[in-house]
> 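Got a structure for you, questions after.
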Amino acid sequence: MAEAKRSTKKKQKEEIIVVADLGRQQPQATDFEKAVVGACLIEQDAFGQVADILKPKSFYDNKHKVIFDAIQTLYAENQPIDVLTVVEQLRKNKNLEDAGGAFYIAELSQKVLSSAHIEYHAKVIAQKALARELITYSSKIQTGAFDEGQDISELMQQAEGQLFELSKTNIKKDFTQINPVIKEAMELLSKASANTTGLSGISSGFEDLDKMTNGWQKSDLIIIAARPAMGKTAFVLSMARNIAITNKIPVAMFSLEMSNVQLVNRLIVNVCNITGDKIRSGQLAPYEWEQLHSKISEMYDSPLYIDDTPSLSVFELRTKARRLVREHGVQLIIIDYLQLMNASGMSYGSRQEEVSTISRNLKGLAKELNVPIIALSQLNRGIETRIANSNNNAGEEMKDTHRPQLADLRESGAIEQDADMVCMIHRPEYYKIHKDSFGNDTKGIAEIIIAKHRNGQVGDVRLRFVSDYARFMNLRDNSIPLPGEEDGTIKSSKINTSVTYDNEAFNSLSIDDDRPF
């Protein structure tokens with residue numbers, strides 16, 4: 001009996017807590033709302049001070065919401081803002097009564113002496129509005145979590161998307177007077193002049209590529225695109241080796257396609273010069289075991305951080321990237337690859353719209369963290385279409401119609417617009433094209449086509465590609481000879497040029513031209 005009474009009392013107490021929780025007032029600051037609206041009514045410039053902080057929906061009291069909306073309309077139309085004009089605008093909108101009537105509006109203007117603290121008051125209102133939105137979102141999530149028929153994974157994606165959208169709309173960055181920006185630019189110039197490599201960004205480890213890019217620049221979004229089997233992952237792993245393992249610069253790699261073990265196995269192939277089939281099977285000769293243990297020591301303690309979360313969302317990436325930059329000093333982020341990401345559970349009319357959101361937010365993240373972000377991307381089947389429509393005659397040397405173009409990017413419009421640089425990987429040898437347009441032998445050669453470069457030149461860079469070890473190397477690097485070059489030298493007759501500049505395209509554009517090349 002006593003136990004039953006205790007149980008009943010406990011249940012009654014829980015019910016009281018729930019009722020009390022439901023009876024709470026939502027976060028609000030109506031006195032501050034009156035102060036802000038009143039200030040806007042008595043001073044013409046007051047609204048301009050709060051226009052980027054507040055929206056009509058920021059107000060809790062519906063009267064203030066309606067009045068502020070009328071003020072916003074007058075401001076947009078360059079009309080004077082005072083009691084009379086606001087009342088007249090409300091009459092036009094047929095919601096004067098919703099605003100409390102002309103008397104209430106006049107009363108608001110009389111209660112405020114000046115707009116001296118209007119920005120502070122506006123920020124308080126904005127914080128209260130944000131708190132209310134968070135309560136609304138959490139309530140929806142809670143309701144969904146109690147629903148037995150709700151897919152929890154889908155609910156988490158929706159929660160991520162809503163929270164990401166909320167955080168994005170409430171991030172405001174104020175303007176900066178030019179003096180400190182000039183100082184920062186001069187400091188960067190000074191550091192670049194002291195750098196023996198002459199690069200202002202992070203070196204990729206590929207000399208000819210660095211000459212064209214001047215290194216991967218902070219806050220840039222770089223797209224590396226190619227068709228399957230061209231070596232996108234091998235390219236960024238070769239860079240990760242050069243940057244993180246050789247130069248000890250912290251790099252984060254988000255692998256959406258491969259597990260972290262698969263990725264590290266490919267890196268071991270790259271570093272240890274042992275073919276991938278032997279690494280997978282474990283069938284190594286005694287000398288290869290020695291080689292493995294000797295070379296793999298280079299990889300230990302290197303500042304390379306791998307995340308293999310499948311179907312990574314923009315929100316998750318943002319959270320993880322911030323932590324990596326803050327806690328581990330990461331200076332470069334690599335994503336393999338863009339089309340496998342999702343936009344945090346938000347609903348879109350098409351996949352193209354979703355990719356547009358992803359690329360836009362990747363660029364925003366690069367700016368926010370002030371690090372270069374390299375995102376791999378797939379090319380569409382336009383290349384194969386061009387091959388089918390080509391008119392090559394039998395017996396002729398095959399023309400290189402496989403060469404990728406900007407239009408071959410999947411969902412290309414958004415990616416082209418957001419990216420600071422678009423590079424495409426092309427290996428003519430894969431398509432059985434044995435000589436390029438300069439007459440150079442294409443065996444073991446990969447072309448890095450810089451198709452768009454917002455702040456520099458466009459053109460082609462030739463690298464060596466050793467397929468057995470999935471490694472990209474400098475053209476002049478003969479540490480691993482190609483077939484027919486076992487003497488360790490590269491015959492000069494094979495090389496006409498390693499870098500081709502498209503100077504006409506570059507000179508026709510201003511340095512901040514956004515058009516894709």
> With the threshold set at 4.0 Å, does a side-chain nitrogen-carboxylate oxygen contact exist between Asp420 and Lys363?
yes
> To the nearest 0.5 Å, what is the distance between NZ (Lys367) and CG (Asp220)?
11.0 Å
> Hey, is NZ on Lys57 packed in by over 12 heavy atoms from elsewhere, all under 6.0 Å?
no
> Determine yes or no for a side-chain-to-main-chain donor-acceptor pair under 3.5 angstrom, with Asn455 supplying the side chain and Gln217 the backbone.
no
> Does a side-chain N-to-carboxylate-O contact under 4.0 Å join Asp418 and Arg360?
no
> Check whether more than 12 heavy atoms from other residues, nucleotides or ligands sit under 6.0 Å from atom CD of Glu207, and answer yes or no.
no
> Please say which of Asn242, Asp210, Thr213 ends up in a side chain to side chain donor-acceptor pair (under 3.5 Å) with Ser204.
Asp210
> Tell me if the centroids of the rings in Phe206 and Phe235 come within less than 6.0 Å of each other.
yes
> Working to the nearest 0.5 Å, report the span between CD1 of Ile335 and OG of Ser377.
11.5 Å
> Hey, could you give me the CG/CG distance between Leu256 and Asp307, rounded to the nearest 0.5 Å?
8.0 Å
> Flag yes if more than 12 heavy atoms outside Tyr430 fall under 6.0 Å of its OH atom; otherwise flag no.
no
> What are the two closest heavy atoms between Ala321 and Leu369, and how far apart are they?
CB-CD1, 3.7 Å
> Taking the side chain as C-beta and beyond, is there a heavy-atom pair between Met341 and Val314 under 4.5 Å?
yes
> Any side-chain heavy-atom pair from Lys320 and Thr309 closer than 4.5 angstrom?
yes
> Does the side chain of Gln331 come within less than 4.5 Å of Val251's, by heavy atoms?
no
> With the side chain counted from C-beta on, respond yes when Arg403 and Glu447 share a heavy-atom pair under 4.5 Å apart, and no when they do not.
yes
> Assess, by modelled atom type and distance only, whether the side chains of Ser238 and Asn270 contain a donor and an acceptor separated by less than 3.5 Å.
yes
> Between Asn370 and Ser219, is there a side-chain donor-acceptor contact under 3.5 Å, judged purely by atom types and distance?
no
> Between Asp336 and Lys232, is there a salt bridge with N-O shorter than 4.0 Å?
no
> Within this structure, what is the CG-CD1 distance for the pair Leu362 and Ile374, rounded to the nearest 0.5 Å?
12.5 Å
